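Notes to accompany the following structure.
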Amino acid sequence: MGKLDQNKILVIGGSGFVGTNLISLVGDKKCLNFDKNESKKFKKITQICDIRDLSSITIPEDIKTVILLAAEHKDNVSPTDLYYDVNVKGTKNVLEKMDDLNIKNLIFTSSVAVYGLNKKNPNEDFKKDPFNHYGKSKYQAEKVIMEWYNKNPDNKSVSIVRPTVIFGRNNRGNVYNLFKQLASGRFVMIGSGLNKKSMAYIDNVTSFIYHLCIKSEKGFNIYNYSDKPDLNMNELIDIIKKHLKLSIINVKIPYLLGLFLSYIFDFVSLISNKKLAISSVRVKKFCATTQFDSSKMYAEFNPPYSLEEGLSKTLKEEYLN
């Protein structure tokens, strides 16, 4: 890879999974981290900041590039207004502060959730049809950024990255839950398992973001990010079982039965005011085809790891070491 100039990069939301791995790759001497939470790994370069509060966003004058990772993204956020307060209002606040300092370089992590579920391999120009508040708020944030760019496009560099589900060491999202259930022997397959899933390995995603930092191409660009080839759920489970040396036989239940049971969990969660591991949203996402065209990204970037190499490395780091 090339090298960055001497100006520091501001990573907003750098205390989380993607941000910690990105700063590790770029180097903490080149970065400043704004986050509402303290960074476990990069305390010295972290400033506590809530992007919902304009006054807390105090960007130093030597910052020339902002990477906006901060987002409300979990499936069960309550109240749902938080998605829009953080993802939309927070984005507006960051852009206002960038204008104050005449910062023109922005990399924004959006999501393939803007396309909705069960779409046929959408590319970046595909119709947007988000099915949940997270996807809707991310799409609204993208439109806010486009309006900001169009008001004064001169010398601006805007890159929006729409990653699919990201996995890797220390991530505790849906892919990790799948690993954990298979390793424990408590996994139950809902549906046929023929639905395909695009996935993204963390080291590849951060390498692509770093590539965009170095490239700093003027203009407005949007990229889907997923590592190829796409696997269906049966193929994915077979790879996980191979690397963990598991010989268990998968239990399968029909999709409609699984969805019915998930609604019962939704009801229990509602009356108990407790967030449960099973929900109708998670069942729908698990059984949906979430496959995305990332040929635009591949046209200019070669990920350092294949998808199976990423799965193998993650499983070794989480379970075999």
Side-chain angles (χ1 to χ4, degrees), residues 17 73-78 111-113 115-119 131-135 163-202 226-227 229-292 307-308 310-321:
F17 173 60
H73 62 87
K74 293 184 178 178
D75 291 332
N76 51 4
V77 170
S78 180
S111 170
V112 291
Y115 302 115
L117 295 177
N118 292 308
K119 308 304 180 184
F131 86 102
N132 60 10
H133 289 291
Y134 172 61
T164 186
V165 59
I166 303 174
F167 69 93
R169 183 181 182 183
N170 295 325
N171 178 259
R172 294 297 179 259
N174 292 334
V175 177
Y176 171 78
N177 291 332
L178 176 62
F179 293 164
K180 186 177 179 181
Q181 290 167 11
L182 280 164
S184 68
R186 296 194 300 268
F187 174 73
V188 176
M189 169 70 83
I190 299 175
S192 66
L194 297 177
N195 54 309
K196 288 195 171 184
K197 295 286 186 183
S198 290
M199 301 172 68
Y201 178 49
I202 182 61
S226 64
D227 290 317
D230 296 317
L231 304 171
N232 68 36
M233 287 303 301
N234 291 327
E235 292 168 335
L236 174 59
I237 289 167
D238 285 344
I239 288 175
I240 297 169
K241 287 167 63 176
K242 178 183 74 174
H243 287 286
L244 292 181
K245 297 180 171 58
L246 300 175
S247 57
I248 56 173
I249 298 175
N250 298 333
V251 176
K252 289 188 177 183
I253 63 174
Y255 170 68
L256 290 178
L257 175 58
L259 186 60
F260 171 75
L261 294 173
S262 72
Y263 285 128
I264 296 176
F265 279 91
D266 285 351
F267 178 71
V268 172
S269 176
L270 179 64
I271 62 175
S272 66
N273 199 30
K274 292 182 179 179
K275 296 177 180 178
L276 304 178
I278 299 174
S279 69
S280 59
V281 170
R282 288 181 175 175
V283 168
K284 288 175 183 177
K285 288 172 69 175
F286 178 85
C287 295
T289 292
T290 48
Q291 188 176 14
F292 306 94
L307 178 57
E308 184 162 352
L311 288 166
S312 176
K313 281 173 61 66
T314 304
L315 290 165
K316 285 179 181 178
E317 290 165 345
E318 292 281 7
Y319 291 100
L320 302 182
N321 289 339

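Please read all numbers here as calculations on a predicted model, not as lab measurements. Residues: numbered from 1 along the sequence shown.
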Does any donor atom in the side chain of Ser198 or Asp230 lie under 3.5 Å from an acceptor atom in the other side chain?
yes
Please check if the side chain of Glu235 supplies one atom and the backbone of Asn232 the other of a donor-acceptor pair under 3.5 Å.
yes
Has Asn118 got a side-chain atom pairing as donor or acceptor with Ala288's backbone, closer than 3.5 angstrom?
no
Applying side-chain contact (heavy atoms from CB on, under 4.5 Å), run through Val112 and Thr290 and close with a yes or a no.
CA-CA 9 Å; Val112 291; Thr290 48; over 6 Å; no
Do you know which two heavy atoms are closest between Phe167 and Asn171, and how far apart they sit?
CA-OD1, 4.5 Å
For Leu276 and Phe265, work out which heavy atoms get closest and say how close.
CD1-O, 3.5 Å
Working to the nearest 0.5 Å, report the span between OG1 of Thr289 and CE of Met233.
11.0 Å
Using 0.5 Å steps for rounding, measure from the CD1 atom of Ile271 to the CG atom of Asp266.
11.5 Å
For the residue pair Met199 and Leu307, establish whether any side-chain heavy-atom pair is separated by less than 4.5 Å.
yes
Nearest atoms (heavy-atom pairs only) where Thr164 meets Ser226
CG2-CB, 3.6 Å
Near Tyr176 OH, under 6.0 Å, is it more than 12 heavy atoms from other residues, nucleotides or ligands?
yes
Got a second to check how far Asn174's CG is from Lys285's NZ, nearest 0.5 Å?
5.5 Å
Tested for salt bridge (charged side-chain N to carboxylate O under 4.0 Å, His left out) against Glu318, the lone hit among Arg172, Lys180, Arg169 is Arg172
Pairwise distance NZ(Lys313) to OH(Tyr201) - rounded to 0.5 angstrom:
4.0 Å
Counting only heavy atoms not in Arg186 (residues, nucleotides, ligands), do more than 12 fall under 6.0 Å from its CZ?
no
Under a 4.5 Å cut-off applied to non-hydrogen side-chain atoms, are Val283 and Tyr255 in contact?
yes
State the OG-CD1 distance between Ser279 and Ile264, to the nearest 0.5 angstrom.
14.0 Å
d(Ile278 CD1, Ile190 CD1) to nearest 0.5 Å is 7.0 Å
Residues 236-248, side-chain donor-acceptor partners within the protein, below 3.5 Å, at least two apart:
residue	atom	partner	partner atom	Å
Lys241	NZ	Ile248	O	2.8
Lys242	NZ	Glu308	OE2	2.7
His243	NE2	Glu308	OE2	3.3

Taking atom NZ of Lys252 as the centre, does the number of heavy atoms from other residues, nucleotides or ligands within less than 6.0 Å exceed 12?
yes
Minimum heavy-atom distance between Ser192 and Asn234, given as atom pair plus value:
O-ND2, 3.2 Å
Shortest non-hydrogen contact from Phe286 toward Asn195:
O-ND2, 2.9 Å
For Tyr263 and Ser280, work out which heavy atoms get closest and say how close.
CE2-CB, 3.5 Å
